[in-house]
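Some notes on the structure that comes next.
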Amino acid sequence: EYEGAKSELVNINPLVLKPQKYKSFLKEIEKIAKDKGALVVVLETDENATWSVNFYRKNKYNTLNKYAFYKVMLYYKNIQN
């Protein structure tokens, strides 16, 4: 975490959001974050959720960190470019 950095959480329930809407929803999150001055978007998923891991990678997100105990993967994308 960076000194003075602020964060906001968006929780997405895949049972509510239809798969064909994932990409447009992700792009909207990126747009809102950029409009608020964010430099990056960080996403969290279970390492065994291959559909979300593949989705994030396909949308140019890079692996940030892996928490082995929780089996959580973090992905990030610089949105200021």
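What you see is a predicted model, and the numbers here were worked out from it, not measured in a lab. Side chains are part of it too, since the values below use all heavy atoms of this structure and drop only hydrogens, waters and symmetry mates.
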message: Distance check, rounded to the nearest 0.5 Å: Ser52 atom OG versus Leu43 atom CG?
response: 9.0 Å
- request: Calculate, to the nearest 0.5 Å, the distance between atoms CG and NZ belonging to Asn78 and Lys60 respectively.
  value: 12.5 Å
query: With side chains defined as the heavy atoms from C-beta onward, is the minimum distance between Asn59 and Lys27 less than 4.5 Å?
result: yes
- prompt: Do Thr63 and Arg57 touch side chain to side chain, with heavy atoms closer than 4.5 Å?
  reply: yes
query: Of all residues at least two apart in sequence or in a different chain, which pass the salt bridge (charged side-chain N to carboxylate O under 4.0 Å, His left out) check with Lys21?
result: none
Test side-chain contact (heavy atoms from CB on, under 4.5 Å) applied to Thr45 and Phe55, step by step: CA-CA 11 Å; Thr45 191; Phe55 175 74; over 6 Å; no
- prompt: Mind checking whether Ile29 and Ile32 sit in one hydrophobic cluster, side chains of I, L, V, M, F, W, Y counted as touching below 4.5 Å?
  reply: no
Parallel, tilted or perpendicular: rings of Tyr56 and Tyr61 (30°, 60°): tilted
